[in-house]
Every structure is written in C-alpha cells, then in structure tokens.
Amino acid sequence: MTRVLEVDPASPDPQALSAAAKVLREGGLVAFPTETVYGLGADATSPEAVRRIYEAKGRPPDNPLIVHVASPDAVPGRLTSVGRRLAERFWPGPLSLVIARGPGIAPEVSCGLDTVAVRMPDHPVALGLIVHAGVPVAAPSANRSGRTSPTTAQHVLEDLEGRLELVLDAGPTRVGLESTVLDLTSDPPAVLRPGGVTLEQLREVVPQATLASEPTGAPRSPGTRYRHYAPRARLRLVEATGAEAAQLIRRLAEAERRAGSRVGALVTSEAARADPGVDLLEELGPAADLAVVACRLYAGLRALDARGADVIFAEAGFAPDGLGRAICDRLRRAGGKCL
Ligand code: AMP
Ligand code: MG
C-alpha cells in the first residue's frame, strides 16, 4: 500500500516530514519532490533499503544512484577545493558532483565504483525530509526504469503505486529536468549528463569543464548507456522550429493517420499556432523560454501517452547550448528517431 501525504511546497508540515523520515529510517521508500523531478528515496547508509530502490524501479544493478544531502558538510566523501566552490555557487540546486567515495554509504549506491554522486536539492520538502531523517538519502528519479521522469506525485503513482510506502505530494516540480552530473574525478571535470545547470554556467567556476564524449566500452557514468526517459508511444524528433516544424509535422501526420495511428505532437507555442494538424496537441511554451520548455517536457510526453497517442512528433530544433543541450539530450535518449 502506498500512502500519499499532501504537503505545502514552501513550508511543509514538520509532522508530515517526520512521518516520512520515520519510513526512511525503518528501511522504507519515500518519493519526494525536488526542484528537478520527484525522487525515490531510501536511507543511503542501508544496503537493504538501497536494494529496494533497484527492485521498485526495475533498475539495472550497474546504474549508480545520486546521494542527496542537506548541506555541503554532509557529503559522504571528500569535496576538493573545486568541489567546494561549485557547491558554494550552485547548491542548493540541480548539480550532482561525482567525487571520491567516503565511508558510511551502502556500496549498492555506487555499484562498486570508488566514486559517489552527491547533490543538495533546492526544495524545502527534500531538505526538510533529509534533515528529519538524519541520514543521506539515495534517490534516483521516481519512475519505472527507462520511463519518463515524474514531475508530479500523480506520475509517481502511475509508475510505482504499491512499490513504495509513501509519496510526499507538493505539486509539480519547478525545473522539470534532472540535475546536471559533473564528474570531478576526471581531469578536466566532465559533464556526464547535461541538466538544470548549464555547461556555460559551470565554466564560470571551472573554465576547463568539458562535455564527456558518448560512452564507449566501460562508461564513466554507467546510467548513460541505457534507454531513458521514454514515452510508450513511438517518438519522432522533428529537427526544426516554429512554423517550419508545424509544416513538417502536418505532412508526416497525414501518412501516420492513413496508417491508422493516433497522432500526437509536443511543440512550442509558435508551432502550435501554425497548426501541426494532429489529433492530440501538447504545448511546451514559447521557444524563447527554454526553462518553461524544459519544465513541461516530461509532463507533455506523459500527457500524450495518457491521451492514447500511438506516435508523438516532438519539436527538437532547439540550439544545443544552455538548457537546449539538456532538452535535446533527453529527447534523443527517450528513443526519439530524428526525421
Ligand atoms: P537518475 O536515475 O536520474 O538519478 O540518474 C543518476 C545519474 O547519475 C545516472 O546517469 C548515473 O549513471 C549517474 N551517476 C550516479 N552515480 C555515479 C557515479 N558514481 N559515477 C558516475 N555517474 C554516476
Ligand atoms: Mg532517472
């Protein structure tokens, strides 16, 4: 049985946080909001509790977890001076740092690696929960492995109802995309996954920071080789923007409809205004506001799934810098074939 507790996102009821913390300390699983997406949390010091995360998600056992802490002093490892400067600038916030692993964390968290990914989330509910629990909290996104990350408590229940004890429901998350993962154990530091903090922002603190190349052989970030973030519908990426994207989608949608498919589109407001001629439309917001686009991306994919789309055409002509890089990365990893 999964219980749901509604909490105020800005000032959560301490009684709710303390009830959730008790579940964590007893080895249970609690889904909670962060500024990025909802996380599926367990006591990071308990091997049994951490194993339950893998079971509940159906997560491959070689895909390590991010440990969430309530202050830079609580990281289960050694922060170098670069790490401390990054934490000062970007924490609390959507940046996970891969550092040398310290003692006290269940080995299952990092799948036998001698490193651990850590971050301090920017959400009163997440921070309150970690403080009440009194332990670091291991938490991947609260979805079945391979599926779209949840940005609402409803999404969590769609995927995991009955597989966890408690969901703290504080409404939709603000960023909507997962954290940036920066590996500080490589020289130069490398972005393993683009996310809420952009490469351009990181370079203001670490000018030499780079993008990790696509994994070949034994990858540094094991998770990046799996298919991720996928809707149930077939996903097709349209490498164009605005009216041009709408025109392309209209042509492609016609052929799909003739073949009997229900056609969905996930497009910016500009493309929506130019009418892409589909059965189901979800808007991402204005192309000029990528923060809004990022925030609506997963909810849009899930909504089109729920409305019965067989195929989804997603506008994907965003410039691959800043947040656009993270948006394009997720659309590609969601299995989207480029058109
Ligand atoms: P998520 O399932 O969304 O929480 O994703 C966690 C991401 O962090 C995955 O891409 C993992 O591969 C990556 N990650 C976690 N721990 C490590 C680590 N120790 N070294 C490299 N990447 C990591
Ligand atoms: Mg995930």
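Any value given below was found using the heavy atoms of this structure, including those in side chains, with hydrogens, waters and symmetry copies removed. Everything numeric here is computed off the predicted structure, so don't read it as measured data. Residue numbers start at 1 and run along the sequence shown. Atoms within each ligand, like the ligands themselves, are counted from 1 in listed order.
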Fill in the blank from the handout: Going by the 4.0 angstrom heavy-atom rule, the piece of V98 near ligand 1 is side chain
Practice task
Hydrophobic side-chain clustering at under 4.5 Å (ILVMFWY, transitive links): who's grouped with L24? Put none if nobody.
Solution key: L5, V7, L17, V23, V30, F32, V125, L129, I130, V137, L166, L168
Exercise for the section: With heavy atoms of S141 as the reference, note each atom of ligand 1 found under 4.0 Å away. Expected result: 3 (O), 4 (O)
Problem - Side chain proximity check, M120 to L127, heavy atoms < 4.5 angstrom - result: yes
Practice task
Flag T115 as yes when one of its N or O atoms lies below 3.5 Å from any N or O atom of ligand 1, and as no otherwise.
Solution key: yes
Handout entry: Listed protein N/O/S atoms, distance to the Mg ion (ligand 2) under 2.8 Å
Key = S141 OG
Handout entry: Selection residues 24-46 - residue pairs positive for salt bridge (Lys or Arg N to Asp or Glu O under 4.0 Å), sequence neighbours left out
Key = K22-E26, E35-R119
Problem - Salt bridge present between E158 and R302 (N-O < 4.0 angstrom) - result: yes
Exercise for the section: Taking the side chain as every heavy atom from C-beta outward, state whether D122 and R174 have any atom pair closer than 4.5 Å. Expected result: yes
Handout entry: More than 12 heavy atoms of other groups within 6.0 Å of Q15 CD
Key = no
Practice task
Side-chain contact test, heavy atoms from C-beta onward, threshold under 4.5 Å: evaluate it for I105 versus P136 and give yes or no.
Solution key: yes
Handout entry: Sub-4.0 Å heavy-atom approach of R59 to ligand 1
Key = yes
Exercise for the section: Would you list the pairs meeting side-chain hydrogen bond (donor to acceptor under 3.5 Å, both in side chains) in which at least one residue belongs to residues 69-94, sequence neighbours left out? Expected result: R89-E204
Exercise for the section: Please indicate whether any nitrogen or oxygen in R193 is less than 3.5 Å from any nitrogen or oxygen in ligand 1. Expected result: yes
Practice task
Could you see which bit of N63 sits under 4.0 Å from ligand 1, with heavy atoms only: side chain, backbone, both or neither?
Solution key: side chain
Handout entry: Heavy-atom neighbours of E6 CD exceed 12 at 6.0 Å
Key = no
Handout entry: Cluster overlap V181 with V82, hydrophobic side-chain contacts below 4.5 Å
Key = no
Practice task
Any atoms of ligand 1 less than 4.0 Å from a non-hydrogen atom of L192? List them with their elements.
Solution key: 21 (C), 22 (N)
Fill in the blank from the handout: Short version for L65: what comes under 4.0 Å of ligand 1, heavy atoms counted, is backbone
